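Heads up, the thing below is written out as structure tokens.
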Amino acid sequence: MKEKEIQRILKEWEPHGAKRIAVENFLGSIDITDHESHMGTKANLMMDANLYHWNWATCMAISVGIKKSYKNIKERNNETKNTQT
């Protein structure tokens with residue numbers, strides 16, 4: 001995920017208590033390319049949240065980022081399909 005997008009998410013969620021380093025590190029490292037990687041990323045979020053005891057706001061910020069990344073991939077895939085037909 002692009003740094004600019006991560007900063008937008010943090011601007012919204014940091015006032016609610018999201019942990020900047022956790023959000024930046026998690027979203028900066030994801031690579032969502034399809035539905036399976038999207039689901040795997042959500043599972044990793046749950047595991048990391050439990051392991052590191054992340055609060056609700058941190059989990060929500062990361063979840064929003066995962067959702068936006070997946071939406072961007074779906075839109076790009078649809079554009080590719082439309083240009084091929």
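What you see is a predicted model; the values in this text were computed from it and never measured.
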Are side-chain heavy atoms of Glu14 and Val23 found at a separation under 4.5 Å?
no

Can you measure from NZ (Lys2) to CG (Asn72) and round to the nearest 0.5 angstrom?
8.5 Å

Steps toward side-chain contact (heavy atoms from CB on, under 4.5 Å) verdict (Glu12, Ile9):
CA-CA 5 Å; Glu12 179 181 349; Ile9 292 167; 5.9 Å; no

How close do Ala57 and Gly17 get, counting heavy atoms only, and between which atoms?
CB-C, 3.8 Å

Just say parallel, tilted or perpendicular for the rings of Trp13 and Trp56, cut-offs at 30° and 60°.
perpendicular

Quick check: is Met39 connected to Met46 through a chain of hydrophobic side chains (ILVMFWY, heavy atoms under 4.5 Å apart)?
no

Glu3: side-chain contact (heavy atoms from CB on, under 4.5 Å) partners, not counting sequence neighbours
Ile6, Gln7, Glu24

Please assess Asn55 against Thr58 for the test side-chain hydrogen bond (donor to acceptor under 3.5 Å, both in side chains), listing each intermediate value before the final yes or no.
CA-CA 5 Å; Asn55 62 24; Thr58 302; 2.7 Å; yes

Over 12 foreign heavy atoms within 6.0 Å of CG, Leu51
yes

Here the gap from Thr41 atom OG1 to Tyr70 atom OH, rounded to the nearest 0.5 Å, amounts to 11.0 Å

Could you measure the distance from the CG atom of Asp48 to the CZ atom of Phe26? Nearest 0.5 Å is fine.
5.5 Å

Which value, rounded to the nearest 0.5 Å, describes the distance between Tyr52 atom OH and Cys59 atom SG?
13.0 Å

Under 3.5 Å, which donor-acceptor pairs do the side chains of residues 60-69 form with other protein atoms, sequence neighbours left out?
| residue | atom | partner | partner atom | Å |
| --- | --- | --- | --- | --- |
| Lys68 | NZ | Glu5 | OE2 | 3.1 |
| Ser69 | OG | Gly65 | O | 3.1 |

How far apart are the C-alpha atoms of Lys42 and His38, what are their side-chain angles, what is the distance that settles it, and do they pass the side-chain contact (heavy atoms from CB on, under 4.5 Å) test?
CA-CA 6 Å; Lys42 288 171 77 175; His38 173 242; 3.7 Å; yes

